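Given the structure is predicted, the values throughout are model-derived calculations rather than measurements. First the proteins, then the strands, lettered A, B, ... as listed; each starts at 1.
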There are 2 protein chains.
Amino acid sequence: MGSSLKFALGAVWGKDLPSGEVLSSLKSRVLSAFHDLVNRKDPSWLGWMDLPDQEVDGVMEAADWLRGFDAFVQVGIGGSALGNLMLHQALIGDIEMKTAKPCFYLADNPDPMKLQEMWKDLEGRRFALVGVSKSGSTAETTSQFMWFLDKLKGSYDSVLLITDPEGGIFRKFVNETGCRSLPLRSDVGGRYSVLSPVGLLSAAALGIPVDQLLEGARAMRDGLISQGDFDRNPAMRLAACHLYHEISQRPMAVMMPYSSRLERFSEWFAQLWGESLGKEGRGTTPIRALGAIDQHSQVQLYMEGPDDKFFTIIDVAFPQDVAIPQASSEALKSLDYLAGKGLGEMLRKEAMATASALAGAGRPVMWIQMERLDPRSLGELIFFYQFTTAITGLAMGVNPFDQPGVEQGKRYTYGLMGRPGFEEEAERAERAFDVISSEVL
Amino acid sequence: MGSSLKFALGAVWGKDLPSGEVLSSLKSRVLSAFHDLVNRKDPSWLGWMDLPDQEVDGVMEAADWLRGFDAFVQVGIGGSALGNLMLHQALIGDIEMKTAKPCFYLADNPDPMKLQEMWKDLEGRRFALVGVSKSGSTAETTSQFMWFLDKLKGSYDSVLLITDPEGGIFRKFVNETGCRSLPLRSDVGGRYSVLSPVGLLSAAALGIPVDQLLEGARAMRDGLISQGDFDRNPAMRLAACHLYHEISQRPMAVMMPYSSRLERFSEWFAQLWGESLGKEGRGTTPIRALGAIDQHSQVQLYMEGPDDKFFTIIDVAFPQDVAIPQASSEALKSLDYLAGKGLGEMLRKEAMATASALAGAGRPVMWIQMERLDPRSLGELIFFYQFTTAITGLAMGVNPFDQPGVEQGKRYTYGLMGRPGFEEEAERAERAFDVISSEVL
């Protein structure tokens, strides 16, 4: 693949290998999904495949503008938030983010305690407001947008919306107030939008070279698309694995990177995977894990609990290691074997040890090695998972781009919040809740 | 129960009710586990049940000492870290924690990028070093402890260890150097240690009234222990549910609080649950979720994916709500129904809507209502889950207090890091890894 990612596929089936017949049926379904995707059989949701080619002038110009403020607040949830957190953590780091300039705030969860805390920190500083929603009707986003707008006392020149280029409430707002905007293409779904202005704007404002992210994504896309040989295309191989594990009673897909910088990557993956594939009674559940932390939390279960998971372990090479010093005390003498070794060396050996122990116990494991963690390699990883998820969904026979199952809860919320026209939903929600609360201790 | 938690158990079985026979068998196993626990049949791991009664003078004195520093670094992983993060987030909040005095740093993951970032922030400030490990032989902890110790250049009067009162490497270190220490009782396992000095020290140093945490835990313990009637004891009821869902092909337990302050609670729960029950091929997998965020990420899968999960939704009452203002713009007119409503009101209605939608789709749901989120109620919630987990494990017939499955990976790491006596493990790990990497793309 000529990429900074290496995919090791030697233990991906676990202890029960698929029979030749099963394997060839998996292959043909995946190949057919691959061709449908690559040939854009149904193009209405495939805008994400073009994102690596986009011009970023508008994003860069808006990022410059944001840097003129002390802080900026992004209001958005789900696909309008998870990708930003992932990029910032991976490429800037949690501790640096605490003192980043401009200061970044995310109003995702409509939690009054969180909002009050945020405002206590933000009040009195010059801030910009960035609202992200394709439609502008996401209740969590719009309500917080209205709250911050009120704080800005009508200064629309501090507002930027990332929204549909044509329709929806937020676009109307842009047209009415003349505030800034960036387009979120209508053929790019929220969970496929991290490489659109949704993810790129805050990253660029914080100094991440977004062109390199796109370059990595482009290289991965072109590599995957041009490799029509199933056996040499890791996305097709992985899609087939997931199909197989789903039918083999392994309903969970564990994503376990060994780098604190990729903790949020698992969150981002979890939305992409869960929301794309979990429908029509199908789909495997994404499990967000982090090495080595979860060795002291979940690995007991992974090793000795039921054989019901497919594991992906991501091993990251660190640009600069930290040497473990010799301890001067007598009590720590038995730890001398660690002295002079690297902390990163240890973390990578732990990744290897966990993968080996799992594979040794017959559990299916895929190993991804990242030669470096930088914007380009992260762009590759992002595109790889978007592509793999799309193929997996198409091969499963579900639509990996819609999310019909979130509608019911939304309508219930509208009803319970008194939105006109949803009175019946309110009643139904209350009746269902009566069942839940019929027995209270 | 006279507690600030209400447990609603009307939809806990999902669409397939257990038959009378199954239910009575579940009941008798759970009752027997309850009696074994309450009567302390095997007391060797039950020290956590006494923690609510502990004297906290030593912790308070050490907390005062920590407040004399600009910052303190806690070195610990798993049970020596997750509980601290949970308490700080729940009772102080993420944004306040950024500027807490003294400044708190956690060296959990042995990630060189994280450590370098941390040091960049910390260098030049007066800091104390708090090492947490029962034995002192946890490689991730000890290596980072040695690193910070080196930075302190032998000033042992800035060091405190929380460790076994008698044995182990860290206790030897205390005896040798005369540094401060607090005891981690040998009959308290890591994942049951949040109410020991392990969790209490940093909390107290940051101003959390730890006596109220213990008071809540004590009230919950006494309430649960004195309620021998299965039908009126929520811990027994919940344990029976989990047993039932495990045998009914629902291998996942979703923990979904609707408060950003409880995001880390789910992490803490995940360790407690996964490591306690995941053994001998048994156990359900904890899924860490957060409302309302995961409505825009995982709820699609929860609603329309396989019926393979048991849901716990925690609804939190907020002490002070934030009113959504009226928007002045024409474009936002259709959102007028939100104006004057509370953001917290919306979040709570979303919790209700999600629970109703799931229960309406036949999925098993438990609803926990917290009348307030404060130290006392959090102490109740913590003890409730420790007690429930212990009963569930005992009723499953596994030991909820050991973790044999993490040993293999540890031995592999020792071997790969060159620890004398583990040469054979290194070879075995490498052979297993050869299988994984036998096919690289």
Side-chain angles (χ1 to χ4, degrees), chain A residues 7-11 77-78 93 95 109-112 114 117 143 146 150 172-173 176 234 260 271 274-275 278-279 283 296-298 300-301 303-305 318 322 324-325 327 331 337 343-344 349-350 353-354 356-357 360 403 405 408-409 412-413 416 419 429 432-433 436-441, chain B residues 7-11 77-78 93 95 109-112 114 117 143 146 150 172-173 176 234 260 271 274-275 278-279 283 296-298 300-301 303-305 318 322 324-325 327 331 337 343-344 349-350 353-354 356-357 360 403 405 408-409 412-413 416 419 429 432-433 436-441:
Chain A
F7 301 89
L9 298 151
I77 195 167
I95 294 180
N109 216 17
D111 178 320
K114 185 174 172 175
E117 240 188 287
S143 56
M146 284 155 74
D150 189 57
K172 264 198 223 159
F173 184 87
E176 179 187 335
S260 291
Q271 187 205 17
E275 210 167 54
K279 46 199 73 163
H296 299 267
S297 170
Q298 300 303 301
Q300 166 65 39
L301 169 72
M303 282 294 294
E304 299 196 339
F318 299 100
V322 165
I324 303 169
Y337 75 98
L343 202 64
K349 294 219 155 125
E350 291 196 82
T354 300
S356 298
Q403 54 281 335
Q408 184 65 299
Y412 280 180
T413 301
L416 294 169
R419 180 170 166 180
F433 194 74
I436 295 171
S437 53
S438 60
E439 204 174 339
V440 176
L441 287 192
Chain B
F7 301 89
L9 297 150
I77 195 166
I95 294 179
N109 216 15
D111 179 320
K114 185 174 173 178
E117 238 189 289
S143 56
M146 285 155 74
D150 189 57
K172 264 197 222 160
F173 184 87
E176 180 188 334
S260 291
Q271 187 205 17
E275 211 167 53
K279 46 198 71 163
H296 299 266
S297 170
Q298 300 303 301
Q300 166 65 38
L301 170 72
M303 282 295 294
E304 299 196 339
F318 298 100
V322 164
I324 303 169
Y337 76 97
L343 203 64
K349 294 218 157 127
E350 292 197 81
T354 300
S356 298
Q403 54 282 334
Q408 184 66 297
Y412 280 0
T413 302
L416 294 168
R419 179 167 167 185
F433 194 73
I436 296 171
S437 54
S438 60
E439 204 175 340
V440 176
L441 288 191

- Supply the atom-to-atom distance B:Gln298 CD to A:Glu275 CD, rounded to the nearest 0.5 angstrom.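 The distance works out to 8.0 Å.
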- Item | Euclidean distance, A:Gln271 CD relative to B:His296 NE2, rounded to 0.5 Å | 9.5 Å
Sort out for me which of [options] touches chain A most, counting heavy-atom pairs under 4.5 Å.
options                                : result
B:Ala432, B:Ala331, B:Gly283, B:Pro112 : B:Pro112
B:Ala8, B:Ala11, B:Gly78               : B:Ala8
B:Ile324, B:Ile95, B:Val440, B:Thr413  : B:Ile95
B:Lys172, B:Met146, B:Lys114           : B:Met146
B:Ser437, B:Pro325, B:Ala429           : B:Pro325
B:Ile77, B:Ile436, B:Val322, B:Thr354  : B:Ile436

- Proximal component of B:Phe173, with respect to chain A [non-hydrogen, under 4.5 Å]: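 Backbone plus side chain of B:Phe173, per the 4.5 Å heavy-atom cut-off to chain A.
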Contacting moiety of [X], where chain B heavy atoms sit under 4.5 Å:
X        : value
A:Ser143 : both
A:Gln403 : both
A:Glu350 : both

- Query: Heavy-atom distance under 4.5 Å between the side chains of A:Asp111 and B:Phe318, does that happen here?
  - Reply: yes
- Minimum heavy-atom separation for B:Ser260 to A:Asn109, with atom names?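 Smallest interatomic distance, heavy atoms only, reads OG-ND2, 3.0 Å.
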- Query: When you measure from the side chain of B:Gln300 to the backbone N and O of A:Gly274, does any donor-acceptor pair fall under 3.5 Å?
  - Reply: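 Looks like no, no N/O pair under 3.5 Å.
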